[in-house]
Amino acid sequence: MCWYENCAFTFECRHFTHPCSDMESKNIWIFAIVYSAIQHFASSSTPLKRPRAGDPFDTFPKNFWQEFSSPFTDTPEDEELEVTETTTHEPFPFFADPYTTVNVSTQLGARVYLHCRVNDLQGKTVSWMRRKGDELALITFGRHTYSGDSRYSLEFEEPNDWKLLIQYANERDEGPYECQVSSHPPLVLLVYLTVIVPHVEILDERGSSTPEKYYKAGSTIELQCVISKIPQPTSYITWRHNTRLLNYDTSRGGISVKTDMLPGRAFSRLYIANANRHDTGNYSCILGNDITGTVMVHVLNGEEPAAMQHASGSTMTPILSVVLFAVIAVFAEMVCQR
């Protein structure tokens with residue numbers, strides 16, 4: 001009689017009087033394989049056990065149980081894929097120039113540009129503001145100008161320069177300006193504008209400064225114009241007699257203008273030969289449109305200048321005072337003797 005022990009997948013033949021036939025062995029093999037498969041599906045949690053030594057299953061290849069059980073074993077959970085979070089940030093705006101504070105100088109009456117170069121603007125807005133103490137006054141927003149002063153305007157120059165133009169700069173324009181980019185946090189470029197007021201002085205041929213100058217008829221008028229504190233001498237110097245421009249005047253003749261533009265200053269000479277009474281008047285030395293120095297010139301036809309007459313009268317007054325004092329003193333002494 002044959003016994004089968006299913007829990008250990010072992011097979012024993014006990015109390016046999018005759019050996020098992022080949023047909024019976026084959027049936028047993030088939031039965032064992034089918035039975036083990038059914039047992040696996042019935043209880044997937046029960047692990048397969050290898051047969052004990054001496055069992056008929058020892059004749060199986062060593063990797064049989066592994067190959068046989070692999071299609072029916074639980075599929076291990078897929079390993080969690082490592083997800084690397086990659087966040088792509090938009091480029092942040094930045095100023096093309098490496099500094100955040102700029103000093104700009106211009107002369108009185110000139111036009112000046114304040115530059116603000118921004119890279120990777122990414123739709124942000126550029127604004128110009130004027131700082132006065134703790135207050136900020138909006139000048140431009142984008143390409144629009146909001147200042148009530150028509151001298152201010154915005155000029156954009158490709159590819160990234162948001163230029164603030166100030167025309168006819170004056171002393172009131174001096175101070176700090178801010179170029180702001182509407183990012184988070186906002187970018188700020190500080191530009192400090194200095195308006196330099198040149199100093200103009202008109203001298204005579206001896207280098208003396210005087211508000212009035214006297215020349216005799218037939219002599220040569222020679223005036224010198226010295227202008228200092230010129231940051232950028234881009235303008236030229238003109239001479240005027242009253243309202244008449246002398247630089248290119250050919251109607252009178254004998255007029256000569258020589259000008260030297262030097263670093264930080266300018267020097268100009270005016271010569272008028274054979275002066276006559278028509279040359280009397282105000283002479284102005286002008287740099288650009290606003291820088292002006294003026295002197296009054298008198299051309300005399302042999303008469304004594306009024307200023308000299310006043311001077312003579314003023315020198316006679318002390319002498320008369322001394323004589324009068326002496327007369328009074330003598331008269332007083334005569335009275336006392338009586």
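Nothing fancy with the numbering, it's 1 onward along the sequence.
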- Message: Donor-acceptor check, side chain of T280 to backbone of H298, threshold 3.5 angstrom: yes or no?
- Response: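 Side chain of T280 to backbone of H298: no pair is present.
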- Message: Tell me whether S284 contacts the main-chain N or O of I286 through its side chain, where contact means a donor paired with an acceptor under 3.5 Å.
- Response: no
For residues [X] and [Y], report the shortest heavy-atom separation together with the two atoms involved.
X	Y	value
I237	A266	CD1-CB, 3.5 Å
I227	C225	CG1-SG, 3.8 Å
P93	L121	CG-O, 3.7 Å
S105	I196	CB-CD1, 4.3 Å
N274	T220	N-OG1, 4.3 Å
T259	V257	OG1-CG1, 3.9 Å

State, with a plain yes or no, whether a side-chain heavy atom of [X] is found less than 4.5 Å away from one of [Y].
X	Y	value
I202	K213	no
L164	T140	yes
V102	D97	no
Y214	E212	yes
Q107	I230	yes
R252	N276	yes
Q122	F92	no
I221	L270	no

- Query: side-chain contact (heavy atoms from CB on, under 4.5 Å) between V118 and K124: does it pass, once the steps are laid out?
  - Reply: CA-CA 10 Å; V118 185; K124 303 297 188 294; over 6 Å; no
Are [X] and [Y] linked, directly or through other ILVMFWY residues, by side chains that come within less than 4.5 angstrom of each other?
X	Y	value
Y248	M261	no
F156	W128	yes
V226	L246	no
L165	V126	no
V112	M129	no

Quick one: [atom1] on [X] to [atom2] on [Y], what's the gap to the nearest 0.5 Å?
X	Y	atom1	atom2	answer
N119	N160	CG	CG	5.0 Å
R244	I255	CZ	CD1	5.0 Å
F95	H115	CZ	NE2	14.5 Å
C285	F267	SG	CZ	10.5 Å
D204	Y215	CG	OH	5.5 Å
C179	L114	SG	CG	9.5 Å

- Can you check side-chain contact (heavy atoms from CB on, under 4.5 Å) on H241 and I272, steps first, answer last? CA-CA 11 Å; H241 174 217; I272 301 178; over 6 Å; no
- Item | Whether Y152 and Y177 hold their rings parallel, tilted or perpendicular, with breakpoints at 30° and 60° |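 The arrangement is tilted - the two ring planes meet at 30° to 60°.
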- Between L300 and K216, is a side-chain contact (heavy atoms from CB on, under 4.5 Å) present by the stated rule, with each step listed? CA-CA 5 Å; L300 307 176; K216 292 182 178 181; 5.6 Å; no
- Query: Counting only heavy atoms not in Y168, do more than 12 sit closer than 6.0 Å to its OH atom?
  - Reply: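 At most 12 heavy atoms, drawn from other residues, nucleotides or ligands, come within 6.0 Å of this atom.
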All N/O donor-acceptor pairs, side-chain side in residues 182-195, below 3.5 Å, sequence neighbours left out:
| from | atom 1 | to | atom 2 | distance (Å) |
| --- | --- | --- | --- | --- |
| S182 | OG | T125 | N | 2.8 |
| S182 | OG | T125 | O | 3.4 |
| S183 | OG | P185 | O | 2.8 |

- Message: Checking L287 against V200 for the side-chain contact (heavy atoms from CB on, under 4.5 Å) test, could you report, in this order, the C-alpha distance in whole Å, the side-chain angles of both residues, the deciding distance, and whether it holds?
- Response: CA-CA 9 Å; L287 176 66; V200 182; 5.7 Å; no
- Query: Salt-bridged, K163 to D161, with N to O below 4.0 Å?
  - Reply: no
